[in-house]
Undergrad: 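If you scroll down you'll find the structure; I have some questions about it.
Computed from a predicted model, the values in this text were never measured in an experiment. Because only heavy atoms are used, hydrogens play no part in the values below, and waters and symmetry mates are left out as well, while side chains stay in.
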Amino acid sequence: MKKLFVFMGKSAVGKDTLFAKTMSRHPELRTVVTYTTRPIREGEKNGDEYYFTDEENMNKMRADGRVIEVRCYNTVKGPWYYFTAENDEMRDDDNPYAMITTLEGYNKIREYYGDDMVVPIYITVPDIVRMERSISREKKEENPCVAEVCRRYLADEEDFSPENLKKAQITESIDNLDMDKALEQIDMVLAKNLEI
């Protein structure tokens, strides 16, 4: 693996969209697909955004020593796990990789692969925009749950606190109010780290 670019940010900042557009603009990047036990959302496909699994399979992977990091969210619909598993193919590959995770996930991945291999791409938007996007997305669900939107918002405020960002040595962010400008900034981060 040449480098691992880790996209992260609070919910509804547009990580998935920026990630997808970056991957299509940079065919040299390979995707690290992480796992989740949460239910699949409309429009998602297993193996694209996540590998959708259950707790039993996750625990088997943990017992096999394949899980790098795991997070649990106690949602209003029960516990949802998100995790990253070791990928032998990735270690032996000389291509750059990219993935989406949380700040906590980023810290564990950086610890696992080393500071020199892992590059953060921290996406932000103003809080009011995040809330508007979250509610809009939740309205599309079969059974919209405002309580879950609120829970996620408050959890993100804690997870991405200034203290936690400082501990993770995240000093720069990419504002996603203008997607074209955000993509240009991401291109600059890639160019700087891959000498494109």
Undergrad: Please report the closest heavy-atom contact between I174 and Q185, naming both atoms and the distance.
TA: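 Nearest heavy atoms, I174 then Q185: CG2-OE1, 3.4 Å.
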Undergrad: Would a 4.5 Å heavy-atom cut-off, applied to side chains only, mark I123 and N176 as touching?
TA: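 In contact.
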Undergrad: Which heavy atom of F52 sits nearest to which heavy atom of R38, and what is that distance?
TA: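 Closest pair (atom of F52, atom of R38, distance): CD2-O, 3.4 Å.
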Undergrad: Roughly how far apart are R71 CZ and E104 CD, rounded to 0.5 Å?
TA: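 These two atoms lie 7.0 Å from each other.
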Undergrad: Output, in order, the C-alpha distance, side-chain angles, deciding distance and verdict of side-chain contact (heavy atoms from CB on, under 4.5 Å) for E28 and N95.
TA: CA-CA 7 Å; E28 71 275 15; N95 288 294; 5.5 Å; no
Undergrad: Tell me whether R152 is salt-bridged to D156, with the criterion being a basic N under 4.0 Å from an acidic carboxylate O.
TA: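 So R152 does not pair with D156 through a salt bridge.
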Undergrad: Spell out, as yes or no, whether a donor-acceptor pair under 3.5 Å connects the side chain of N107 to the backbone of A168.
TA: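 No, the answer is negative, given that no donor and acceptor are paired below the 3.5 Å cut-off.
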Undergrad: Do the non-hydrogen side-chain atoms of Y122 and Y106 ever get within less than 4.5 Å of each other?
TA: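 When only atoms from C-beta onward are counted, Y106 and Y122 do not touch, as no gap falls below 4.5 Å.
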Undergrad: Do I121 and F19 come within less than 4.5 Å of each other through their side chains, counting heavy atoms only?
TA: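 I121 does not reach F19 side chain to side chain.
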Undergrad: Decide whether V6 and Y113 are clustered together by the hydrophobic rule: side chain heavy atoms of Ile, Leu, Val, Met, Phe, Trp, Tyr closer than 4.5 Å, transitively.
TA: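 Shared cluster, yes.
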Undergrad: Which heavy atom in P120 sits nearest to a heavy atom in M8, and how many Å separate them?
TA: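 Smallest heavy-atom distance, with atoms named: CB-CE, 3.5 Å.
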Undergrad: Would you say K21 has more than 12 foreign heavy atoms packed within less than 6.0 Å of its NZ?
TA: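 No.
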Undergrad: Just to verify, what does Y51 make a ring pair (Phe, Tyr, Trp, His ring centres under 6.0 Å) with, not counting sequence neighbours?
TA: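 Once residues adjacent in sequence are excluded, the partners of Y51 under the ring pair (Phe, Tyr, Trp, His ring centres under 6.0 Å) criterion are Y35.
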Undergrad: Ignoring hydrogens and geometry, is there a side-chain-to-backbone donor-acceptor pair from S136 to E132 under 3.5 Å?
TA: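 Checked: no pair found.
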Undergrad: Check whether I68 and M61 end up in the same hydrophobic cluster, where Ile, Leu, Val, Met, Phe, Trp and Tyr are linked by side-chain heavy atoms less than 4.5 Å apart.
TA: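 Shared cluster, no.
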Undergrad: Are I170 and F160 close enough, and set up right, to give a side-chain contact (heavy atoms from CB on, under 4.5 Å), and what steps lead you there?
TA: CA-CA 10 Å; I170 306 286; F160 287 93; over 6 Å; no
Undergrad: Does any non-hydrogen side-chain atom of K10 lie less than 4.5 Å from one of T124?
TA: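 No, every pair of side-chain atoms sits at 4.5 Å or beyond.
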Undergrad: Out of curiosity, does V32 fall in the hydrophobic cluster containing Y81 (side-chain heavy atoms, cut-off under 4.5 Å, transitive links)?
TA: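 Hydrophobic grouping puts Y81 apart from V32.
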Undergrad: Can you tell me if Y112 and E69 form a side-chain donor-acceptor pair at under 3.5 Å?
TA: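 There is no such pair (donor and acceptor under 3.5 Å, judged by atom type) between the side chains of Y112 and E69.
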Undergrad: Tell me, with the steps shown, if F83 and T53 meet side-chain contact (heavy atoms from CB on, under 4.5 Å).
TA: CA-CA 10 Å; F83 62 99; T53 189; 3.9 Å; yes
Undergrad: With the side chain counted from C-beta on, respond yes when I135 and V146 share a heavy-atom pair under 4.5 Å apart, and no when they do not.
TA: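 The answer is no, as the side chains (C-beta and beyond) never meet within the 4.5 Å cut-off.
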Undergrad: Is there a side-chain contact between L29 and L190, using heavy atoms and a 4.5 Å cut-off?
TA: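 L29 vs L190: side chains touch.
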Undergrad: Taking atom NZ of K140 and atom CZ of R41, what is their separation to the nearest 0.5 Å?
TA: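 These two atoms lie 11.5 Å from each other.
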Undergrad: Using the side chain to side chain contact (heavy atoms under 4.5 Å, CB included) definition, which of the options I109, T31, V118, V33 pairs with M99?
TA: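 Single pass found, and it is I109.
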Undergrad: Tell me the closest heavy-atom pair linking K2 and M117, and the distance in Å.
TA: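 Result for this residue pair: O-CE, 3.4 Å.
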Undergrad: Please check: side-chain N/O of K60 versus main-chain N/O of E55, any donor-acceptor pairing under 3.5 Å?
TA: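 No; zero donor-acceptor contacts below 3.5 Å.
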Undergrad: What distance separates D159 CG from L165 CG, expressed to the nearest 0.5 Å?
TA: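 Nearest 0.5 Å value for the CG-CG distance: 10.0 Å.
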Undergrad: Check whether any side-chain N or O of R133 sits under 3.5 Å from a backbone N or O of V13 as a donor-acceptor pair, and report yes or no.
TA: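 At least one qualifying donor-acceptor pair exists.
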Undergrad: Check whether any side-chain heavy atom of D115 sits under 4.5 Å from a side-chain heavy atom of R110, and report yes or no.
TA: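 Yes, at least one pair of side-chain atoms sits under 4.5 Å.
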Undergrad: Listed by chain and number, what are the ring pair (Phe, Tyr, Trp, His ring centres under 6.0 Å) partners of Y82, not counting sequence neighbours?
TA: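 Partners of Y82 under the ring pair (Phe, Tyr, Trp, His ring centres under 6.0 Å) test: Y50, Y73.
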Undergrad: Between A182 and D175, which heavy-atom pair has the shortest distance, and what is it?
TA: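 Minimum heavy-atom contact is CB-O, 3.6 Å.
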Undergrad: Nearest heavy-atom pair of N143 and E138: which atoms, and what distance?
TA: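 Taking every non-hydrogen atom into account, O-OE2, 4.3 Å.
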Undergrad: Hey, quick one: are L4 and L103 part of the same hydrophobic cluster, counting side-chain heavy atoms closer than 4.5 Å, chains of contacts allowed?
TA: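 Yes.
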Undergrad: Report the distance from atom OG1 of T37 to atom CD of E56, rounding to the nearest 0.5 Å.
TA: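 Those atoms lie 13.0 Å apart.
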Undergrad: Please determine whether a side-chain nitrogen of the Lys or Arg among R151 and E148 lies less than 4.0 Å from a carboxylate oxygen of the Asp or Glu.
TA: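 Salt bridge between R151 and E148, a charged N being under 4.0 Å from a carboxylate O: yes.
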Undergrad: Hey, what do you get for CZ (R62) to CZ (R66), rounding to the nearest 0.5 Å?
TA: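 These two atoms lie 13.5 Å from each other.
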Undergrad: Is the shortest side-chain heavy-atom distance between D127 and M131 below 4.5 Å?
TA: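 Side chain of D127 against side chain of M131, heavy atoms only: no contact under 4.5 Å found.
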Undergrad: Apply side-chain contact (heavy atoms from CB on, under 4.5 Å) to F5 and I186, showing your working.
TA: CA-CA 10 Å; F5 296 93; I186 292 169; over 6 Å; no
Undergrad: Can you confirm whether K167 is buried at NZ, in the sense that more than 12 heavy atoms of other residues, nucleotides or ligands lie under 6.0 Å from that atom?
TA: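 No.
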Undergrad: For R137, does the CZ atom sit with more than 12 other heavy atoms under 6.0 Å from it, leaving out its own atoms?
TA: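 Yes, CZ of R137 has more than 12 neighbouring heavy atoms, counting only those of other groups under 6.0 Å.
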Undergrad: Given the rule that I, L, V, M, F, W and Y join up when any side-chain heavy atoms are under 4.5 Å apart, are M179 and I128 in one cluster?
TA: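 The answer is yes; both residues are in one hydrophobic cluster.
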